[in-house]
Amino acid sequence: MDYGSAARVFAWARTSPSSLRPAMWALARRARRTRCWVVALKALMVGHGLLLRSGLAPPAARAGRVPFELAEFRDRSSSSSSARSQAFSAFVRAYFRFLDYRSLFAAQEDTDDCVDAECSCYQMTLLDRIAKRQFLLELLLQIRPYADGMEVPLVLEAMDCALVEIFQVYGEISTGIARFLVSGVPGPAKPPLRKAAAAAGVKMLWRAAEQSAQLSSYFDLCRGLGVVNARKLPAAFVRLKDDDVRHLERILMGDAQDDASDEAEVEGTATITTVVTTEWVAFEEEKSSAGAVACGVGSKGHAGNHWNPFVAAPLDLRESGNLIELF
């Protein structure tokens, strides 16, 4: 990736938010014409950076949904064999599916009204937002090599971009789960948890447990491939355990009004403390700094402890053309 040129595009979009949509449409025209996986993937990565900038722009200037379609992309470049071409094509399609849903999700978030925690529909609204982020995380986990021999710098840089999003989305899921669990713990002046919300909450927790196992495998894959951000991951990723989910299921599906005792409240809080691990908190603390750095604020391309590929390296390092080896 030419980080110098990408940085100029992102700086332009940052200083002039009204240019976001024209820039995205110019990118779309290029993406529609190409049958080369390299060009398509670079277009997606630049589009990803523009969407990150769009999130901080005034609502009227935001880019909206991705204005091009690569869901059926097929590589036709002569530089790749048939098997490798199919694998790179699958990688491009996976990145596009994530980016397309992310842009749609961001547009929906802009129009959603904030719901007060004391509102009767708060828990269901919170669960709906968590479910959307869990689906987004599923799409992110599909951004991975689909054949041997795909460990080229551009693919690794794209997976760095995916990891930036994974850190943020996983943190948001974890925070949402914590808020839902706290809202479901019996206590004074709290409305009882509705059975429908409790059942949906249990389903969400089992999905979170499954995704935590998938995340652990994905992080191992990234470490093995040499993805830059994977080097900063904790050595042991703490997964959401099935026993924790079963314990929470018993609490949530119980009669909230009958269980509104101090003992039940302490038990629920203790379980929540076990499930909402320090890793969740760390991800959430990094989220705000990651968002700021992605939009050009920060030092040397770092977001917390992680390298942000959307921020250009210093000029002398850019000229070396080897950003992966930098960290």
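Throughout, residue positions are numbered sequentially from 1 according to the sequence presented.
A heavy-atom distance below 4.5 Å is found between the side chains of Leu181 and Leu205. Using a 4.5 Å cut-off on side-chain heavy atoms (C-beta onward), Leu50 and Leu20 make contact. Looking only at side-chain heavy atoms (C-beta outward), Lys132 and Leu136 stay at 4.5 Å or farther from each other. A heavy-atom distance below 4.5 Å is not found between the side chains of Arg21 and Pro67. A 4.5 Å side-chain heavy-atom check between Phe68 and Arg30 finds every atom pair outside the cut-off. In this structure, the side chains of Phe180 and Leu252 come closer than 4.5 Å at one or more pairs of heavy atoms. Looking at heavy atoms from C-beta onward, Val66 lies in side-chain contact with Phe96 at the 4.5 angstrom threshold. Annotation: side chain of Tyr218 is not in contact with side chain of Leu140 (no heavy-atom distance under 4.5 Å).
Note on Trp12 and Met24: separate hydrophobic clusters, where clusters join Ile, Leu, Val, Met, Phe, Trp and Tyr whose side-chain heavy atoms are under 4.5 Å apart, directly or indirectly. Cluster membership for Val39 and Met45, using ILVMFWY side-chain heavy atoms within less than 4.5 angstrom, is not shared.
Nearest heavy-atom pair, Val92 versus Ala40, reported as atom, atom and distance to 0.1 Å: CG1-CB, 3.9 Å.
Evaluation of the side-chain contact (heavy atoms from CB on, under 4.5 Å) rule for Arg29 yields Trp25, Ala26, Arg32, Arg33 as partners, not counting sequence neighbours. By the side-chain contact (heavy atoms from CB on, under 4.5 Å) test, Glu151 is found to be paired with Leu225, residues two or more places apart in sequence or in another chain being considered.
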- prompt: Where do Leu44 and Phe91 land on the side chain to side chain contact (heavy atoms under 4.5 Å, CB included) test, with the steps shown first?
  reply: CA-CA 11 Å; Leu44 288 169; Phe91 189 91; over 6 Å; no
message: Assess the residue pair Phe135 and Tyr101 against the criterion (ring pair (Phe, Tyr, Trp, His ring centres under 6.0 Å)); give the C-alpha distance rounded to whole Å, side-chain angles, the decisive distance to 0.1 Å, and a yes or no.
response: CA-CA 9 Å; Phe135 181 67; Tyr101 183 78; 4.8 Å; yes
query: Does the side-chain hydrogen bond (donor to acceptor under 3.5 Å, both in side chains) test come out yes or no for Gln142 and Glu138, once each step is laid out?
result: CA-CA 7 Å; Gln142 294 174 23; Glu138 286 182 9; 5.6 Å; no
task: Apply side chain to side chain contact (heavy atoms under 4.5 Å, CB included) to Leu52 and Arg102, showing your working.
output: CA-CA 10 Å; Leu52 290 176; Arg102 188 199 187 284; 3.3 Å; yes
message: Using salt bridge (charged side-chain N to carboxylate O under 4.0 Å, His left out), reason through Arg223 and Asp220 one step at a time and then give a plain yes or no.
response: CA-CA 5 Å; Arg223 290 190 190 95; Asp220 288 342; 2.9 Å; yes
- prompt: Step by step, would you call Val228 with Leu156 a side chain to side chain contact (heavy atoms under 4.5 Å, CB included)?
  reply: CA-CA 8 Å; Val228 173; Leu156 299 183; over 6 Å; no
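Using a 4.0 Å cut-off between charged nitrogen and carboxylate oxygen, Arg97 and Asp100 do not count as a salt-bridge pair.
In this structure, Tyr170 contributes its side chain and Leu137 its backbone to no donor-acceptor pair below 3.5 Å. Checking side-chain atoms of Arg133 against main-chain N and O of Val169 turns up no donor-acceptor pair under 3.5 Å. Under a 3.5 Å cut-off, the side chain of Arg129 and the backbone N or O of Gly176 do not form any donor-acceptor pair. Under the 3.5 Å distance criterion, the side-chain polar atoms of Asp75 are left unmatched by any main-chain donor or acceptor of Ser85. Under the 3.5 Å distance criterion, the side-chain polar atoms of Glu72 are left unmatched by any main-chain donor or acceptor of Arg74. Put simply, the side chain of Gln211 gets close to the backbone of Gln134: a donor and an acceptor are under 3.5 Å apart. Using a distance-only test at 3.5 Å, with no hydrogens or angles considered, a donor-acceptor pair links the side chain of Asp160 to the main chain of Asn229. Between the side chain of Ser212 and the backbone N or O of Ala209, at least one donor-acceptor pair lies under 3.5 Å. When atom types are taken as modelled, the side chain of Ser5 and the backbone of Asp2 share no donor-acceptor pair closer than 3.5 angstrom.
Atom CZ of Phe98 is separated from atom CD of Glu165 by 4.0 Å, given to the nearest 0.5 angstrom. Here CG of Leu70 is found 9.0 Å from OG1 of Thr34. Values are rounded to the nearest 0.5 Å.
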